[in-house]
Amino acid sequence: MDTVEPLETFVLDEAAIANFVKLQRTFNGWKQDMLAAEAGVSLATVSRVERGQKVRPAQLRKLARALGKPEDEFVRERVRPTPEEAAANFVDMFAWTEGRVPVAVAPFRTELQLRATLATFSLLLVSDLDDTAASDVAELREWLDLASFVQAEREGMIGSKPGRDFRVRRLWRDVLDCVDRLERTHAAVVLTGTYAAEPLAGGEPIMIAIVAIRSRLRNPAASTITTLWADAKVDERQMLADYFEGVD
C-alpha cells in the first residue's frame, strides 16, 4: 500500500520577514518610526526586524497587525510550495500592477499644480473618505470642473474667451481654498499628479490628471505618498461623453 509523505512545513525566517516588512512599509509610504508607532513597538524593534535580527513573537504579531496582515503572518507554519506554486504565488502577488502604471504625486498646494491638472485631457478624482465627506468631495469636483471649463474657454477650445476683467487667479485660489478646507475638515491629504495614458481606441498618448483624496486617519503617512497607480489605458470617448454630460 502506498504511503503519503507528510507535507513539508516551514516558518518564515528573519531574512524573509525583513524583506516583507520593508516592502509593505514602503508601499504604505511609512518611515520606520511611523510603523513603530502604528504597531506599538519601539523604533529599535522595527530596525532589528528590518536588519534580519530575531525579535519576540509578540512583537512580530503587532507588526503584522499594523501592516494589515493576519496576526500570525510571521509566526505560523506554512506548507512549502512546489517550484510551480511558488512561481504562481509570485505572479499573483503583483497581479494588481497588471495594466497599471506608477504616477508621481504630491500634496495639492500650488497654482502651478492646478494649471498642470487643467492642461490635461481628463481628470480622475478618487477618494477613500467615508460617506460623511461626500458633499465636500463633490464640492471639490465642482470647483475643478468649473476651473477646467474656464481654462478651456480661455484657450478658445469651447465657447468664447472670457473678458480681460475675468479674475482667473481668484478662481484658482477658490479651488485651492476648497482643497484646504477638505483636508482640515476630514483629516485628509489631497494628492495630485499627471501621466500619459494610452487611448483604448489607439492613437497618441493623452495626458490624464489624478486628484486622490487620502485619509490621514487610515494612513498617518498619507501626506508622504509619492506614487499612486493608475490604468495604463483609458477610454477616451467615454471620458469625453462624461465631461460634456457634466457640462450640461
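Every value quoted in this text rests on a predicted model; they were computed, and no experiment measured them.
Rounding to the nearest 0.5 Å gives a distance of 7.5 Å between OG of S127 and CG of L182. Atoms CG and CG, on L140 and D177 in that order, are 11.5 Å from each other to the nearest 0.5 Å. Note that CD of Q151 and CG of L146 are 11.5 Å apart. Values are rounded to the nearest 0.5 Å. Remark: Q32 CD to S42 OG distance equals 10.5 Å, nearest 0.5 Å. Here the CZ atom belonging to R141 is positioned 8.0 Å from the OG atom belonging to S148, to the nearest 0.5 angstrom. In this structure, L129 CG and S215 OG are separated by 6.0 Å, a value rounded to the nearest 0.5 Å.
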task = Evaluate the criterion side chain to side chain contact (heavy atoms under 4.5 Å, CB included) for residue pair W229 and V103; output intermediate values, then yes/no.
result = CA-CA 6 Å; W229 290 77; V103 181; over 6 Å; no
request  = Run the numbers on I208 and T120 for side chain to side chain contact (heavy atoms under 4.5 Å, CB included), then give the verdict.
outcome  = CA-CA 5 Å; I208 303 295; T120 60; 5.7 Å; no
task = May I have the step-by-step check of side chain to side chain contact (heavy atoms under 4.5 Å, CB included) for L191 and V211, ending in yes or no?
result = CA-CA 6 Å; L191 305 166; V211 173; over 6 Å; no
ask   = Passes side chain to side chain contact (heavy atoms under 4.5 Å, CB included), E198 versus V234? Steps please.
value = CA-CA 6 Å; E198 180 182 347; V234 296; over 6 Å; no
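At a threshold of 4.5 Å between non-hydrogen side-chain atoms, the residues Q59 and R48 count as touching. Between W143 and L171 there is a side-chain heavy-atom pair separated by less than 4.5 Å.
Although no hydrogens or angles enter the test, the distance criterion places no donor-acceptor pair under 3.5 Å between the side chain of D231 and the main chain of R100. Between the side chain of Q113 and the main chain of P107, a donor-acceptor pair closer than 3.5 Å is present.
Residues forming a side-chain hydrogen bond (donor to acceptor under 3.5 Å, both in side chains) with E142 (at least two apart in sequence, or on another chain): none. Checked against salt bridge (Lys or Arg N to Asp or Glu O under 4.0 Å), D174 has the following partners two or more places apart in sequence or in another chain: R170. By the side-chain contact (heavy atoms from CB on, under 4.5 Å) test, T226 pairs with no residue at all, sequence neighbours left out. For E50, the salt bridge (Lys or Arg N to Asp or Glu O under 4.0 Å) criterion is met by R25, not counting sequence neighbours. With sequence neighbours excluded, the residues forming a salt bridge (Lys or Arg N to Asp or Glu O under 4.0 Å) with E111 are R115, R169, listed by chain and number. The salt bridge (Lys or Arg N to Asp or Glu O under 4.0 Å) search around R61 returns E71, not counting sequence neighbours. Evaluation of the side-chain hydrogen bond (donor to acceptor under 3.5 Å, both in side chains) rule for T224 yields no partner, not counting sequence neighbours.
In this structure, T227 and P102 approach most closely via the heavy-atom pair CG2-CB, 3.6 Å. The two residues L144 and L114 come nearest to each other via the heavy atoms CD2-CD1, 4.1 Å. Residues A188 and I213 come closest through the heavy atom pair CB-CG2, 4.1 Å. The shortest heavy-atom contact between P199 and G203 is CD-O, 4.1 Å. Scanning both residues, I210 and A230, for their nearest heavy atoms gives CD1-CB, 3.5 Å. For the residue pair R216 and V189, the shortest heavy atom distance occurs at CG-N, 4.3 Å.
Placement of L125 and M207 in two distinct hydrophobic clusters is found when ILVMFWY residues are connected by side-chain heavy-atom separations under 4.5 Å, directly or transitively.
By the 6.0 Å contact criterion, CZ on R51 is enclosed, its count of non-hydrogen atoms from other residues, nucleotides or ligands being greater than 12.
Membership of the apolar cluster around V41 extends to F10, L12, I17, F20, V21, W30, M34, L35, V46, V49, V55, L60, L63, L67, F74, V75, as traced through chained side-chain contacts below 4.5 Å between ILVMFWY residues. In this structure, V126 stands alone, with no Ile, Leu, Val, Met, Phe, Trp or Tyr side-chain heavy atom under 4.5 Å from its own, directly or through other members.
For residues 10-21, the pairs satisfying salt bridge (charged side-chain N to carboxylate O under 4.0 Å, His left out) are E14-K54, with sequence neighbours left out. Pairs engaging residues 181-195 under the side-chain hydrogen bond (donor to acceptor under 3.5 Å, both in side chains) rule: R109-E183, T117-T192, D136-H186, E139-R181, D180-R184 [sequence neighbours left out]. For residues 27-37, there are no salt bridge (charged side-chain N to carboxylate O under 4.0 Å, His left out) pairs, not counting sequence neighbours.
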